[in-house]
Structures are given as structure tokens and as C-alpha cells.
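Below: one structure, written as C-alpha cells.
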Amino acid sequence: MKLNRRLILCLLWLWPAMLWAADSNAPATWNQLSPEEQQVLKPFQERWDSLPPERREHLQQGAKRWQTMTPEQREQSRDRFARWQKMTPEQREQARKRYERFRQLPPEQQERLRQRHAWFKNLPPEKRAELREKWQNMTPEQRQQFKEKWRRENGVADERSPRMHPDRTERPERPGRMMQR
């Protein structure tokens, strides 16, 4: 009897610590967010506590990332988000699939594509427009030949690789090859 009493007292004494440990894994309530996080997440304030825990956690991580960004990175992020919102559901799905294909490429191919994309983005707007126009004026057969040549030169064997064409800036490009015709 004395042992049971001690066990019960011990459990009652530890109960607050166990509750605290369980709560530490739960996503923060609105009042538990830092003032900086609250500022970033202000659009969610009214419904924050009713959001699913996974969604709150994801948003809170995003707010923390936002706080570490430079002003230029924040502006780029705003621009990307605005473009995303203007996309149709079909375009968003295509973008997700392209991103997944990109992520499945070996790191060296990913880096090569990033470099080509950066090269294209750094061209003067007139030059980018010229390259896009050349692409748009190609016949489907010429485009297919261009893609096959690019894949051979870059060691990309299958059709699931990111498709290259300069009329979509969100895709990695290699428009310099078009100029060598």
C-alpha cells in the first residue's frame, strides 16, 4: 500500500513535466510566436490556432527562413510567389513535375543546368527575346533535334529530363546552342 501511494505521488509530481514535454512538440499557438514571426505570419493571425499542426509548423519554418533572407532574396521570393499565384492549376502541376525531374538528376547535371539558366538570365533582355523568337520559329522537328542534341551533349539519356526551351524562364535553358546553327 505504501509503495502504491509513493508511486501515485511520484506520478502526480512528474505530471507537469510530462505535459510540458508533450506540449514542446506541439506547434506554437499564435501567442507563442515571436513578434517577428507574428509580423511575417500576420495574414494567418485570425485562423492560426485552427490550422492543422503540420501547416502551422510549415508556416513557422517559412517565417524563420524569411527572417534570414536579404532584402534582394525577399524581393525575388515575392516575385516568384506572385508568378505562382497567376499560374493555372495545370501550369502549377507541370512546374511541380519539372521540379521533381530536376531533383532526380545527378548533382553535376543540376549544377550545369543552374549555370546555363544563370547565363541565360544574365543576357540582355533583347538577346533573350531574340533566342526565344528563334525557338518559337523552329519547326517541331527542329525543336526535337535540338533537344536530342542537347541530351547527347549533356549525357541525359531519357525523356524525363527537364525540357529545354527559352520561352519558359522557369526551366533551365541552353539557348547558346541555337546560335551555332
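Values below: all heavy atoms of this structure, side chains included; hydrogens, waters and symmetry mates excluded.
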Is it the case that the side chain of [X] and the backbone of [Y] share a donor-acceptor pair, with hydrogens and angles ignored and the cut-off at 3.5 Å?
X	Y	answer
R143	Q136	yes
R56	S50	no
Q110	F102	yes
W48	A28	yes

Decide if atom [atom1] of [X] counts as having more than 12 heavy atoms of other residues, nucleotides or ligands within a radius under 6.0 Å.
X	atom1	result
Q91	CD	yes
Q61	CD	yes
R103	CZ	no

Rounded to the nearest 0.5 Å, how far does [atom2] of [Y] lie from [atom1] of [X]?
X	Y	atom1	atom2	value
N122	K127	CG	NZ	14.5 Å
E93	R98	CD	CZ	10.5 Å
L51	E57	CG	CD	12.5 Å
Q115	R112	CD	CZ	9.0 Å
Q109	L113	CD	CG	7.0 Å

Quick test of your reading of the model: are R114 and E111 salt-bridged, counting only N-O distances below 4.0 Å?
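Yes, charged N to carboxylate O under 4.0 Å.
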Verify the cluster assignment for V40 and M69: are they in a single hydrophobic cluster under the rule of side-chain heavy atoms below 4.5 Å apart?
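Yes; M69 is reachable from V40 via cluster members.
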Path from L59 to W30 over hydrophobic side-chain contacts below 4.5 Å:
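Same cluster.
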Quick check: closest heavy atoms across E37 and K64, and the distance to 0.1 Å?
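Closest heavy-atom pair between E37 and K64: OE2-CE, 2.9 Å.
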R132 versus F120, closest heavy-atom pair with distance:
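Reported closest heavy-atom pair: NH2-CE2, 3.7 Å.
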Determine, stepwise, if the pair Q144 / E148 fulfils side chain to side chain contact (heavy atoms under 4.5 Å, CB included).
CA-CA 6 Å; Q144 186 61 35; E148 289 170 3; 3.1 Å; yes
K42 and side chain to side chain donor-acceptor pair (under 3.5 Å): which single residue from Q39, Q45, Q38 fits?
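By the side chain to side chain donor-acceptor pair (under 3.5 Å) criterion, K42 pairs with just one of Q39, Q45, Q38: Q45.
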side-chain hydrogen bond (donor to acceptor under 3.5 Å, both in side chains) between Q76 and E72, intermediate numbers included
CA-CA 6 Å; Q76 289 173 351; E72 294 81 22; over 6 Å; no
